[in-house]
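One structure is given below, encoded as structure tokens.
Note that the numbering runs from 1 along the sequence shown for the chain.
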Amino acid sequence: MYPITQRFQMEINKASRLFSWSGTIRLRDGDILHFTDKDILKGTGYIHRACSGSTEIEIGSIYASEFGLSLYSDINRYRLEKAQLSLTYHLHYSDEVKESIPMGVFEVTEANRSKKRIELKGYDFMLRFDRSLSVTDIYGTAYELLQFACVKCGVLLGVSEDDIKILPNGEELLGVYHDHDIETYRDLIHYIASTLGTFAMINRHGQLILKAYGQEPVAEIQASQRFTSSISDFKTFYTAINSTNAKTKMAEYYALEGDDGLTMNLGINPLLQLGLKEKRQRMCQQLLEAVSQISYTPFEATTIGNPSLDPGDMISQIVEGEAIQGLITNIEYKINGKHRISGVGKNPYFGRVKSKHDKNLIGILNQIESEHLVIHSFTNIKEFSLTKEDSPIIKIEFASNKESEALFNGSILLDVECDTQEVVHTVQPKANLNLTQTETEEPLPLYEWSEMVQVPTRVIVTYVFNDQRVEEYVPTETYLNGRHVLNLFYPLINLQEKSMNTFTVLMRLETGQVFIDKNHALASISGQSLGSTESWDGKLTVADWWQEIPLNRVSLFSGFLKESVSVQKGTPVQNSFNYEINRFRYKGISLRGFLEQSTTQVNENLE
């Protein structure tokens with residue numbers, strides 16, 4: 001509920017009130033347009049906000065608020081592209097004093113001209129978070145992750161660090177590995193809000209906030225203030241949660257001792273997977289305590305309106321002298337009209353069978369999860385110029401949870417430029433058969449000409465599976481100049497249970513030139529019971545190349561230069577190390593004109 005004065009609360013509860021609306025439009029070029037009630041076409045203005053779906057209350061929900069109205073204005077609609085619109089509600093008192101409250105900041109997404117009026121529609125800043133997440137691994141507290149998302153998407157954060165710490169799991173260290181389904185910043189905020197037992201929304205000032213469902217009524221609605229109402233004959237309450245463990249692929253059930261209510265399904269939350277088993281259990285117990293505090297009666301009503309109410313607020317409705325408490329999950333403010341509010345919820349008596357049945361789903365969900373078709377995809381992020389040496393073009397790492405099979409498919413777009421060679425053609429004219437025996441034929445000259453022809457480019461593909469080259473199947477293709485598509489396929493059989501696998505595609509040339517641009521090598525490995533790495537397993541892959549050192553006019557006899565390689569295990573004692581290469585000398589011979597400098601510094605987090 002937006003903070004209001006006691007006088008505002010008393011005035012808004014009266015059977016009649018004097019009020020008005022106004023707004024401003026900030027254009028992209030910096031101009032500001034003001035409008036009032038007189039500029040709004042009657043019956044067209046509305047604001048819709050929600051924090052849950054149409055059937056059941058949710059935690060972690062992240063809905064965008066919507067507005068719509070028609071204005072009497074002759075402004076060019078193209079100037080309204082990505083303009084910001086702000087709305088304000090004014091309550092007028094009898095002493096000519098008015099109290100104003102903001103109703104939200106929105107971005108215009110549609111502007112349609114109709115004669116003398118312009119029809120506008122838009123959403124709040126929540127849509128700014130629909131951007132692809134720019135990182136794969138991320139760690140920090142909930143407040144730090146929220147700040148990170150807000151900075152990246154250009155939205156202010158409207159809660160303080162202390163506000164986040166008092167929420168369930170508010171002080172826990174959160175993080176995700178690269179194997180997650182967080183695609184956008186909006187997904188990240190959804191999982192953060194779900195971890196804290198809240199929902200996310202953009203407040204009336206255009207700031208991102210996390211809000212918990214209310215437990216105490218903030219307003220009372222009398223029967224005289226309702227035009228229509230529908231109130232359920234049951235209470236919605238929760239006594240258990242169901243959360244899937246991504247590591248074990250099992251649905252874990254957490255319940256109160258008296259488990260006679262609904263079960264809230266939290267699905268697979270990547271932020272609940274990091275750390276020890278005890279940490280996950282502690283965090284799920286915190287969520288259970290928060291969810292078990294939710295208790296209300298579902299309802300739907302049309303009222304004279306209270307613009308200070310927000311989604312997630314608990315209200316009290318007076319029905320035949322009895323106060324019935326309900327949670328607002330959807331609210332629509334009609335500008336200069338009625339307000340519609342509702343609170344969705346399920347009947348716990350119908351849900352008891354499902355809640356008890358959830359306890360027996362652990363094994364079933366594990367079996368179903370293992371039968372899902374999993375696809376690991378690959379796209380090259382850098383360009384390649386093939387040579388006569390094998391170059392790794394595609395590399396995919398994946399895990400097999402049990403003995404299984406998989407299929408590799410690839411499609412590579414090649415830019416081919418063939419070598420050319422000169423071909424000489426010789427033609428011997430035919431002899432004249434009409435000559436008599438006394439006539440002699442003079443030797444006929446030979447005709448020769450040459451032309452440059454293409455030498456077909458040959459591309460050789462080698463598969464490497466778990467460091468073993470596949471020698472029995474080596475795909476080879478021959479191309480002429482132009483762009484060509486190379487399609488690859490290879491079945492992977494006898495995958496071992498609980499093992500890591502690596503599949504690499506090497507390519508080389510015999511002649512010509514072949515170029516592969518960025519994102520032109522697409523590949524995937526698909527199969528059942530596949531996964532990917534959860535954390536670093538301690539394996540290091542090191543490659544080192546040295547250029548040839550030419551020693552002109554110097555003979556190096558066998559025995560003078562020796563090479564040795566040694567491998568040993570050691571325990572890391574620090575987070576960084578330096579490696580230096582000393583100056584090279586050979587038996588007092590000065591190698592002039594040859595200078596080598598090499599400085600290597602590696603900083604690795606070895607924890």
Side-chain angles (χ1 to χ4, degrees), residues 378-396 407-433 435 441-465 467-491 502-525 543-556 591 593-596:
F378 171 88
T379 302
N380 63 311
I381 60 175
K382 67 176 183 178
E383 61 275 2
F384 293 98
S385 293
L386 301 186
T387 64
K388 294 184 179 181
E389 301 292 334
D390 284 328
S391 299
I393 306 301
I394 297 173
K395 184 177 182 180
I396 302 178
L407 296 177
F408 167 79
N409 290 276
S411 179
I412 305 177
L413 182 58
L414 308 176
D415 288 329
V416 179
E417 183 178 346
C418 297
D419 293 337
T420 58
Q421 67 179 10
E422 183 179 6
V423 177
V424 178
H425 300 275
T426 303
V427 175
Q428 175 69 51
K430 293 183 179 180
N432 189 353
L433 301 179
L435 297 176
E441 183 181 8
E442 296 181 359
L444 297 177
L446 296 177
Y447 293 94
E448 295 184 355
W449 76 92
S450 63
E451 63 175 344
M452 302 301 294
V453 298
Q454 298 182 25
V455 178
T457 297
R458 194 180 186 198
V459 179
I460 301 175
V461 179
T462 303
Y463 296 141
V464 180
F465 182 47
D467 299 328
Q468 297 293 326
R469 298 172 71 96
V470 179
E471 303 290 353
E472 65 275 10
Y473 183 71
V474 181
T476 304
E477 291 285 351
T478 303
Y479 300 104
L480 297 178
N481 281 343
R483 306 188 78 180
H484 305 272
V485 175
L486 173 62
N487 292 316
L488 302 174
F489 170 81
Y490 190 75
T502 303
F503 188 82
T504 307
V505 176
L506 306 177
M507 297 178 62
R508 70 178 187 271
L509 298 176
E510 286 191 350
T511 58
Q513 298 179 359
V514 174
F515 180 76
I516 303 175
D517 204 351
K518 295 180 181 178
N519 302 319
H520 281 188
L522 305 179
S524 67
I525 290 180
D544 192 12
W545 293 267
W546 290 86
Q547 294 182 352
E548 180 183 1
I549 304 176
L551 300 176
N552 296 332
R553 297 185 302 275
V554 177
S555 298
L556 298 180
L591 302 178
F594 175 80
L595 178 63
E596 178 182 9

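Annotation: side chain of His484 is not in contact with side chain of Thr457 (no heavy-atom distance under 4.5 Å). At a threshold of 4.5 Å between non-hydrogen side-chain atoms, the residues Leu509 and Ile460 do not count as touching. You'll find the side chain of Ser411 stays beyond 4.5 Å of the side chain of Leu413, heavy atoms only.
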Counting only pairs under 3.5 Å, give me each side-chain donor-acceptor contact of residues 511-523, with atom names and distances, residues two or more places apart or in other chains.
from: Thr511; atom 1: OG1; to: Pro456; atom 2: O; distance (Å): 3.1

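Partners of Glu477 according to the salt bridge (charged side-chain N to carboxylate O under 4.0 Å, His left out) rule, which considers only residues two or more places apart in sequence or in another chain, do not exist here. Not a single side chain to side chain donor-acceptor pair (under 3.5 Å) links Glu389 to another residue, sequence neighbours left out. Scanning for ring pair (Phe, Tyr, Trp, His ring centres under 6.0 Å) contacts around Phe378 gives an empty result, with sequence neighbours left out. Partners of Asn380 under the side chain to side chain donor-acceptor pair (under 3.5 Å) rule, at least two apart in sequence or in another chain, do not exist in this structure.
Shortest non-hydrogen contact noted between Lys388 and Glu510 is CE-O, 3.3 Å. The nearest pair of heavy atoms linking Phe503 to Ile525 is CB-CD1, 3.9 Å. The two residues Tyr463 and Phe408 have their closest heavy-atom pair at CE2-CE2, 4.3 Å.
Taken to the nearest 0.5 Å, the OH atom of Tyr479 stands 13.5 Å off from the CG atom of Asn481. With rounding to the nearest 0.5 Å, the separation of CG in Asp390 from OG1 in Thr504 is 11.5 Å. If you take OG1 on Thr476 and CZ on Arg458, they are separated by 5.0 Å, rounding to the nearest 0.5 Å.
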Audit row: Ile394, Ile412, side-chain contact (heavy atoms from CB on, under 4.5 Å) steps and yes/no: CA-CA 10 Å; Ile394 297 173; Ile412 305 177; 4.0 Å; yes
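Partner of Leu506 under the side chain to side chain contact (heavy atoms under 4.5 Å, CB included) criterion, chosen from Val464, Val474, Val461: Val464.
Note on residues 412-427: pairs passing salt bridge (charged side-chain N to carboxylate O under 4.0 Å, His left out), not counting sequence neighbours, are Asp415-Arg483.
Not one N or O on the side chain of Asn409 forms a donor-acceptor pair closer than 3.5 Å with the backbone of Ser524.
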